[in-house]
Trainee: 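Please see the structure below; I have some questions.
The shown structure was predicted, so the numbers you read here are calculated from the model rather than taken from an experiment. What you see below is based on every heavy atom in this structure, not just the backbone, and it leaves out hydrogens, waters and symmetry mates.
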Amino acid sequence: MGSFIKPGQRKAAAFGISFDTDRDGTSAPAVIDGEKQSNLLHQRNRLPVTKYQREILYLLERHSCTVLVGETGCGKTTQVPQMLLEAGWAAGGRSIACTQPRRVAAITVATRVAEEQGCTLGREVGYKIRFEDVSTPGVTKLKYCTDGSLLREMMDDPLLTAYSVIMVDEAHERSLSTDLLLGLLRKVIAQRPDLRILISSASLEAEKVAAFLDARTVKATRKRDRNASSGPGPMGDALVTATNGPDGDPADLATPAILSVEGRLHPVQVHYLEEPCADYVVTAVETTVELHREGIPGDILIFLTGQEECERAVALLEEEAGRLRRVGGKNALRIMPLPLFAGLPAAQQMLALEAAPRNYRKVVAATNVAETSLTLEGVTFVIDACHVKQRTYNPRTGLEALLVAPISQASAQQRAGRAGRIRPGHCLRLCTQEAFSKLQQATVPEMQRAELAGTVLQLKALGIDNMMRFHWLAPPPAEAMVRALELLHSLGALDDDARLSKPLGCQMAELPLEPRLAASLLAAGRFGCGQEIATICAMLSVHSVWASGGGQRRAIEEAQAKFSTAEGDLVTYLNVWKAWEDSGRNRKWAERNMLSQRVLLRAADIRGQLLYHLRRLGMEPISCENEVAAVCKAITAGLFSYATRLEGTIYESVDADYSGTNSYSLVRGTGGQAVRLRIHKSSVLWRVRPSMLVFHTVQQGPSGWHEMQDVTAIQPEWLPEIAPHMFQSVTRPRPQPGGT
DNA sequence: GAGCACTGC
């Protein structure tokens, strides 16, 4: 078992863990206590950000862009937009937008603010996310929206003329859409001197964002002002570090300001392992048991990387819980282990989020959901395995993979903060302090580790043609950009001059789908199966429709078998959909067939939206009824870049009855990189060995194999027929027996 | 031979 040290401290006495400031629980410095107040106004006034009202309004008046550095819980998301509202920034027919990276956040914050403003949600204060526009044109002054939906709005109104202020919240998360939004806003402010941009970010990113938005560099080509020094701002004691000239200098407007607001998190003491651990799941469980024995109250949150690890940790904790029950007395505190990951059905997620029953200490084994999307109250201890499962894109092979990687220090800090929401807490990192100091400071922005085809298509649709000259907050690798352009060209979205093609490229950009699926959907008209492809695209846009979650694997497999077809997973989804429709979208039917009604309803929403878009583009989607080949051809029209052929069977194991793995390779090649593909276990074609297939997603597991998910069997002669520019001759699978 | 980080339009 690992023992922990705290920086600057001697080794602890018991269990290797020291809790010097904890027992009295009162060592928190000048923190506002959690006393309940019924008066909303009073509560608002107590939020740290409220003290900075004057400064914020002053800076907004004088600077096009202001970066707000605010720690968690300082109230910026709810209070700052209200300050602007009350200061009259939404007068004159324009409104204030505040973007959020996630839908739930947009809804909950808007609801809260409407309450504080004493108005009906959807009137003066509203929100807008996909499928839900709870705002009233001409009435709504403050709108919370997802950054993705604001990007969509920009397609119709590139200068965002409907708004006087755009607040980009949680910009430090550096999601694809926030980075894209910031790049675009940088261009917008050059043409809209009346527009104000507020960016809320963590301290690490603030300088970078401010430098990026400096208007003096916007028009200048390539040159960046190195003299933008941080000096004391005009507001005296406030932490204003505006990179501005003297008062009244017209340069003020052009230079971004930075304002720091302290949070109201309680201090969290950090501990490190003295020696590295071999298995962080085991160490996390052992550490949990020791903490529990220490008897300090508070729930425990363990950060792991995936479903499997969470379930393993819970299983180990259950064993320990049993042991503790036998040892402890009748009234002893018990532990209640619970898993938490995004794929978990809502009811089980709630268990992890709700307070534990009396006499129980909740121990939640969670993935990254608990770092950003979901907040657990009552957590006093965070045990952090310091790893994360991350999406990475390899531009050489053109494939994305999910890989477990060490987290960044910024991410670790965020996770630690989860222990200090209600009282001072502890964070136990399952690595040595030395190892921790070698972690990268910040997480690599998504922009630099994702496939960019969709992003490039969106930019093209906004009239930005020169990708290489676009100012990115984090420039993506040139190779990834080239790959994106190649893919869009092969799909027909770009012409030979890399300009958005008409009408195809414009139509693709219009659809809320990744480019490959958009291409399939638009090609479906040609094959007379628009209805079917809309269904398939919708099913691919949602979480798995199969009701996952705990020990029902067999039942799911049996249910799945009822709908599966030789054509593959996508046609299987089609069968599921048709059967669900025939049942009258019956919830009971869905339950009997191990399907999630909630996910199916969401798919129905998306399907409806896709059909609406097709009609708006002047295409009436028709159904091909039983022509499965037409459906598969339309699928191929979008996914041909992911066509693979069977190479043979590889025998890696020494077991006599081991049947080997059917190995596939990309028809178009992988740029000299060796890539071994196989069908993922979840596929209905797993036991089958179609000689050629297209897949929708692939992920690289720890085995080194790229595993293809959502596969569709195709005929080799379809490729040159459907994508003649990519496949000139009839491509047949090479007859090649096993590999090594 | 057994599995799916997380968002978003």
Trainee: Where the side chain of Glu557(A) is concerned, which of dC4(B), dA2(B), dC9(B) is the nearest nucleotide?
Mentor: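 Nearest to the side chain of Glu557(A) among the choices is dA2(B).
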Trainee: Closer to the 5' end of DNA chain B via nearest nucleotide, is it Glu707(A) or Pro512(A)?
Mentor: Glu707(A)
Trainee: What is the nucleic acid contact for Ile129(A), judged by heavy atoms within less than 4.0 Å: base, sugar-phosphate only, or nothing?
Mentor: sugar-phosphate
Trainee: So Thr146(A), base contact, sugar-phosphate only, or nothing? Heavy-atom distance under 4.0 Å.
Mentor: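 Sugar-phosphate contact only.
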Trainee: Would you kindly give the CG-to-P distance between Leu181(A) and dC9(B), to the nearest whole Å?
Mentor: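 Answer to the nearest Å: 13 Å.
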Trainee: So what does Arg102(A) touch, heavy atoms closer than 4.0 Å: a base, only the sugar-phosphate, or nothing?
Mentor: sugar-phosphate
Trainee: Arg391(A) has an atom CZ; how far is it from atom C1' of dG8(B), in whole Å?
Mentor: 10 Å
Trainee: For Gln699(A), which contact category applies under a 4.0 Å heavy-atom criterion: base, sugar-phosphate, or nothing?
Mentor: sugar-phosphate
Trainee: Using the ring of each side chain (for Trp, its six-membered ring), is Tyr280(A) parallel, tilted or perpendicular to His387(A), with breaks at 30° and 60°?
Mentor: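 Rings of Tyr280(A) and His387(A): parallel, as their planes differ by under 30°.
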Trainee: In terms of side-chain heavy atoms of Ser373(A), which of dC9(B), dT7(B), dC4(B) is nearest?
Mentor: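 Output: dT7(B).
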Trainee: Nearest of dT7(B), dA5(B), dC9(B) to any side-chain atom of Arg130(A)?
Mentor: dC9(B)
Trainee: Could you tell me whether Thr367(A) contacts a base, only the sugar-phosphate backbone, or nothing, with contacts defined as non-hydrogen atoms closer than 4.0 Å?
Mentor: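 Sugar-phosphate: the residue Thr367(A), judged by heavy atoms under 4.0 Å, touches backbone atoms but no base.
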Trainee: Answer with base, sugar-phosphate or nothing: what part of the nucleic acid does Val388(A) contact at a heavy-atom distance below 4.0 Å?
Mentor: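 If one applies the 4.0 Å heavy-atom cut-off, Val388(A) turns out to touch nothing in the nucleic acid.
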Trainee: Looking at Tyr664(A), I'd like to know if the NZ or CZ of Arg678(A) sits under 6.0 Å from its six-membered ring centre while staying within 45 degrees of the ring's axis.
Mentor: no
Trainee: Of Asp147(A) and Lys389(A), whose closest DNA chain B nucleotide lies nearer the 5' terminus?
Mentor: Lys389(A)
Trainee: Could you walk me through whether Glu707(A) and Lys681(A) pass the salt bridge (charged side-chain N to carboxylate O under 4.0 Å, His left out) test, one step at a time?
Mentor: CA-CA 8 Å; Glu707(A) 303 192 321; Lys681(A) 205 65 213 288; over 6 Å; no
Trainee: Of the candidate nucleotides dC9(B), dA5(B), dG3(B), which contains the atom at the shortest distance from the side chain of His680(A)?
Mentor: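 Nucleotide nearest to His680(A)'s side chain: dG3(B).
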Trainee: Taking atom types as modelled and ignoring hydrogens, do the side chains of Gln531(A) and Arg607(A) form a donor-acceptor contact shorter than 3.5 angstrom?
Mentor: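 Yes, Arg607(A) and Gln531(A) have a side-chain donor paired with an acceptor closer than 3.5 Å.
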Trainee: So, Tyr144(A) versus Gln100(A): side-chain donor-acceptor pair below 3.5 Å or not?
Mentor: no
Trainee: To the side chain of Trp686(A), which of dG8(B), dC9(B), dG1(B) is closest?
Mentor: dG1(B)
Trainee: Validate the cation-pi geometry between Arg449(A) and Tyr393(A): distance from NZ or CZ to the six-membered ring centre under 6.0 Å, angle to the ring axis within 45°.
Mentor: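 No.
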Trainee: Look at the side chain of Ser682(A) and decide which nucleotide, out of dT7(B), dA5(B), dG3(B), has an atom nearest to it.
Mentor: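 That would be dG3(B).
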Trainee: Check every atom of dG8(B), dC6(B), dA5(B) against the side chain of Leu402(A) and return the nucleotide holding the closest atom.
Mentor: dA5(B)
Trainee: Give the rounded distance in Å between these two atoms: CG of Leu540(A) and P of dC9(B).
Mentor: 18 Å
Trainee: How long is the line joining CZ of Arg174(A) and P of dA5(B), in whole Å?
Mentor: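 Spelled out: CZ on Arg174(A) to P on dA5(B) is 25 Å.
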Trainee: Rounded to whole Å, please give me the gap between CD in Gln349(A) and C1' in dC6(B).
Mentor: 12 Å
Trainee: dC9(B) C1' sits how many Å from Leu459(A) CG, rounded?
Mentor: 14 Å
Trainee: Atom CD of Glu132(A) to atom P of dG8(B): distance rounded to whole Å?
Mentor: 12 Å
Trainee: Measure from CG on Asp710(A) to P on dC4(B) and round the result to the nearest Å.
Mentor: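 Going from Asp710(A) (CG) to dC4(B) (P), I get 14 Å.
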Trainee: Is Arg103(A) near enough to dC9(B) that one of its side-chain N or O atoms lies under 4.0 angstrom from OP1 or OP2?
Mentor: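 So the side-chain polar atoms of Arg103(A) do come within 4.0 Å of the phosphate oxygens OP1 or OP2 of dC9(B), strictly under.
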